[in-house]
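In this chain, numbering begins with 1 at the start of the sequence shown.
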Amino acid sequence: MGAGGRGRAWERRWRSFPRLLVVPVGTAAAGVRGTVADLRLAAEENPVAAEMLAYVPAGAARIEDLVQRGPSGPVWHSLGTQGGRACRRGGL
């Protein structure tokens, strides 16, 4: 337990990040929206994936953005079919 009984630092941070992470490598900054749109479309076409994304926060971030800005930066794009729950940071 952390100071003041607030739990461990990693447990407090864990809630801020998507539970399902997709990290495209080699995707140009200009192409990330297209990549995310393709991932969303693929999920919509698969009923099991669509159902999972209704309950499991999912997000995508380019590896280059993660290295440059860090995982707490505004780098995450929601993969939920409704632009749904991914995490509280970035574009989500």
Q: Let's go through L41 and E45 carefully: what are the C-alpha distance in whole Å and the side-chain angles of both, what is the deciding distance for side-chain contact (heavy atoms from CB on, under 4.5 Å) to 0.1 Å, and is it a yes or a no?
A: CA-CA 6 Å; L41 181 61; E45 292 175 351; 3.7 Å; yes
Q: Applying salt bridge (charged side-chain N to carboxylate O under 4.0 Å, His left out), which residue pairs with at least one partner in residues 20-29 are found, sequence neighbours left out?
A: none
Q: Do the side chains of V56 and V48 join up, straight or via other hydrophobic residues, at under 4.5 Å, putting them in one cluster?
A: no
Q: Going by the rule side chain to side chain contact (heavy atoms under 4.5 Å, CB included), which residues pair with V22 if we only count those two or more places apart in sequence or in a different chain?
A: P24, L39, A60, L79
Q: Grab the two heavy atoms, one from G73 and one from W76, that are nearest each other, plus how far apart they are.
A: O-CD1, 4.2 Å
Q: Taking distance alone, no hydrogens or angles, what donor-acceptor pairs closer than 3.5 Å link side-chain atoms of residues 25-38 to residues at least two apart or in another chain?
A:
unit_1: T35; atom_1: OG1; unit_2: G31; atom_2: O; d: 3.2

Q: Taking only residues at least two apart or on different chains, which pairs with a member in residues 60-69 satisfy side chain to side chain donor-acceptor pair (under 3.5 Å)?
A: R62-D65
